[in-house]
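Have a look at the structure below, then the notes.
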Amino acid sequence: MTELTTRENLWEAPLACGPLDATIEVPGSKSLSNRYLVLAALGSNPVRLEGLLRSRDTELMMTALEQLGVICETDTSDETVVTVVPPRAGEFRGNIRVFCGLAGTVMRFVPALALYADGPVYFDGDNQAYKRPMKPLLDGLEQLGAKITYEGIKGHLPFTVIPPTDYQLHEDKHISIDSSASSQFISGLLLASARWDGEITVTHTGKTLPSMPHIRMTMTDIATAGGKATYKHKTWSVPTHTVQLPSNIVIEPDLSNAAPFLGAALIAGGTVRVPRWPSSSTQPGALLPGYLRDFGGDVTFDEDTHVLSVTGNGSIEGLGTYDLSPAGEIAPSLAALAALAREDSTFTGIAHLRGHETDRLAALTTEINRFGGRAEQTMDGLTIHAVSRDNLHGEVMESYADHRMATFAAMIGLVVPHTCIRHIETTKKTIPDFVGMWTTMVGHKND
Ligand SMILES: O=C(O)C1=C[C@@H](OP(=O)(O)O)[C@@H](O)[C@H](O)C1
Ligand SMILES: C=C(OP(=O)(O)O)C(=O)O
């Protein structure tokens with residue numbers, strides 16, 4: 001890196017000089033790591049989590065839980081092994097301040113844990129987090145008896161959750177919220193309902209609901225903790241039960257974070273393999289092999305070794321109109337493929353990406369048009385047009401403090417020389433060493 005690029009926080013993305021031939025170990029799933037941390041904290045006995053993601057979002061979650069009185073003890077020989085010890089009396093400590101950074105799973109799951117705190121819990125986050133929608137979750141907590149005071153703009157961070165009085169924690173409750181801006185509102189409420197002494201039912205009143213696989217993941221994880229969550233007619237029910245995860249949990253790799261790496265095989269040509277790919281998974285990333293096939297990739301899964309391999313020849317097919325509502329978090333990686341494809345793609349069902357780490361529909365449109373691609377926003381998504389690769393030029397790409405915008409730009413940089421990314425370190429939100437992994441992948445060529 002030159003002195004200039006270091007000073008301006010720029011990283012020149014490596015260009016692929018030939019077909020790729022790499023095997024990439026992907027760290028643990030953010031969504032599973034933060035759900036298991038929460039469910040372990042809600043139990044009574046210690047739980048050992050193996051393969052836990054160690055990145056900004058999980059560090060924020062562990063720090064938040066420690067504030068609440070939970071112990072998260074890292075194994076001395078392997079930092080991805082963490083033993084979670086819930087507070088002795090089962091009650092969380094109140095009169096604390098929780099910092100959420102920009103992590104959706106922290107700002108949407110931990111306020112629900114504050115229901116069980118012995119005093120008010122104040123929540124704050126990055127400045128950029130102040131824009132992310134929070135109100136439906138907090139309305140849900142109010143319907144459960146909590147009081148919310150907004151310390152900034154109503155419906156947003158920062159705010160304080162004042163827990164319900166003890167007797168309110170023992171009643172059956174029905175709550176209604178509009179969760180169309182994020183599935184995490186439902187997930188947060190269901191996770192906390194797991195501990196409630198009474199049945200909680202949650203009805204979604206909105207027209208659309210994104211990221212259903214993430215809600216199903218929550219329901220499955222509650223079942224793993226001995227509970228039960230059912231779904232019928234836009235309503236989830238969680239009856240009373242004792243929450244206790246098994247004493248040892250092994251966490252899958254983050255399949256959504258595999259997307260830039262596996263997608264790289266389609267862009268640069270060659271083969272990229274990801275080991276420890278599960279035969280089945282609640283992660284939306286389980287849809288990725290199908291998406292990559294639709295883009296024209298040759299995708300194989302070896303049931304014996306659990307290696308997923310993706311081979312491409314550098315030519316990418318467009319997708320036409322394509323519903324991404326189940327897996328909106330993969331959209332930026334798929335947008336990189338679409339921007340380099342031979343036909344147009346229109347992604348639908350992802351209006352809620354406007355409330356992600358940044359307004360991703362605006363950011364993707366701006367960045368694609370910046371390097372010579374052509375994209376525009378639609379009501380609920382994005383149209384990305386096919387352009388000749390000869391029209392593309394290396395530019396300084398903004399990352400908007402958004403890990404997936406940074407990895408999107410790295411994908412483009414595989415074939416567009418001199419693509420520089422501002423603040424590549426933003427990838428640490430969910431990948432501890434993206435630069436190392438990416439450089440190894442690009443440098444590891446066929447002889
Ligand atoms: O519950 C979760 O772990 C997540 C749910 C999704 O949120 P949205 O429904 O807000 O997209 C997803 O995009 C996010 O990365 C993780
Ligand atoms: C939307 C995302 O994150 P968060 O958990 O912060 O919502 C994401 O990782 O794409």
Side-chain angles (χ1 to χ4, degrees), residues 27-39 53 55-61 100-110 112 125-126 128-129 131-137 157 177-191 204 206 208-222 251-252 254-260 281-285 287-288 324-335 347 349-361 363-364 380-381 399-408 426-431 434:
S29 154
K30 166 196 76 175
S31 293
L32 289 171
S33 294
N34 276 354
R35 278 168 175 73
Y36 286 133
L37 283 167
V38 165
L39 285 166
L53 173 67
S55 70
R56 185 173 189 228
D57 279 14
T58 51
E59 298 308 314
L60 286 163
M61 179 62 91
C100 306
L102 191 51
T105 46
V106 180
M107 67 181 85
R108 274 73 176 261
F109 297 174
V110 183
D126 293 354
Q128 205 156 311
K131 290 198 181 140
R132 299 195 72 178
M134 289 298 309
K135 191 152 188 303
L137 171 79
L157 281 164
I177 60 160
D178 178 351
S179 205
S180 48
S182 174
S183 64
Q184 291 173 340
F185 305 140
I186 304 271
S187 284
L189 291 166
L190 297 183
L191 286 169
H204 166 55
T208 56
L209 183 60
S211 318
M212 259 311 245
H214 274 117
I215 299 182
R216 285 196 289 269
M217 176 191 283
T218 305
M219 295 166 71
T220 304
D221 295 347
I222 289 173
I251 296 171
E252 297 169 2
D254 195 308
L255 308 185
S256 295
N257 275 342
S281 174
T282 53
Q283 294 185 62
L287 298 166
L288 185 60
L324 273 190
S325 57
E329 70 177 6
I330 311 180
S333 303
L334 303 185
F347 297 134
I350 50 170
H352 71 293
L353 262 62
R354 295 188 170 98
H356 273 183
E357 281 80 337
T358 186
D359 176 344
R360 282 184 177 158
L361 299 187
L364 285 167
D380 74 337
S399 55
Y400 305 84
D402 183 346
H403 54 145
R404 297 197 204 273
M405 287 307 300
T407 55
F408 155 87
T426 193
T427 49
K428 290 187 192 299
K429 184 174 189 286
T430 57
I431 308 181
F434 174 75

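Just follow the structure's listing: the first ligand is 1, and inside any ligand the first atom is 1.
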Mark up the atoms of ligand 1 that fall under 4.0 Å of a heavy atom belonging to [X], in ascending order.
| X | result |
| --- | --- |
| R35 | 1 (O), 2 (C), 3 (O) |
| S211 | 6 (C), 8 (P), 9 (O), 11 (O) |
| H214 | 1 (O), 2 (C), 3 (O), 4 (C), 5 (C), 6 (C), 12 (C), 16 (C) |
| H356 | 8 (P), 10 (O), 11 (O), 13 (O) |
| S182 | 8 (P), 9 (O), 10 (O) |

Review point. Residues two or more places apart in sequence or in another chain: which of them pass side chain to side chain donor-acceptor pair (under 3.5 Å) with D126?
Key: R56
Study note, to complete from the structure: The residue among L37, L189, V38, L190 that forms side-chain contact (heavy atoms from CB on, under 4.5 Å) with F109 is V38
Whether [X] side chain and [Y] backbone form a donor-acceptor pair below 3.5 Å:
| X | Y | result |
| --- | --- | --- |
| Q184 | R108 | no |
| D402 | E357 | no |
| D380 | A351 | no |
| S33 | L53 | yes |
| N34 | M61 | no |

Revision key, fill the gap. Honestly, for M217 the part within reach of ligand 1 (heavy atoms, under 4.0 Å) is neither
I need the nearest protein heavy-atom contact for [atom]: residue, atom name and distance, please.
| atom | result |
| --- | --- |
| atom 4 (C) of ligand 1 | Q184 NE2, 3.2 Å |
| atom 14 (C) of ligand 1 | E329 OE1, 3.4 Å |
| atom 9 (O) of ligand 1 | S183 OG, 2.6 Å |
| atom 3 (O) of ligand 1 | S31 OG, 2.6 Å |

Point to revise | Under 3.5 Å side-chain donor-acceptor pair for H214 and S187 | key: no
Review point. Do D57 and S55 meet the criterion of a side-chain donor-acceptor pair at a distance under 3.5 Å?
Key: no
Please indicate whether any nitrogen or oxygen in [X] is less than 3.5 Å from any nitrogen or oxygen in ligand 1.
| X | answer |
| --- | --- |
| S187 | no |
| T105 | no |
| R404 | no |

Review point. Among S31, S281, S29, whose side-chain hydrogen bond (donor to acceptor under 3.5 Å, both in side chains) with E252 holds?
Key: S281
Check your understanding: Any idea which heavy atoms bring A406 and T427 closest together, and the distance?
Key -> CB-CG2, 3.7 Å
Point to revise | Note: R404-E329 ion pair, threshold 4.0 Å (strictly below) | key: yes
Practice item. Would you check ligand 2 and list the protein residues that come within less than 4.0 Å of it by any heavy atom, ordered by chain and number? Key: K30, L102, A103, G104, T105, R132, Q184, E329, H356, E357, R360, H403, R404, K429
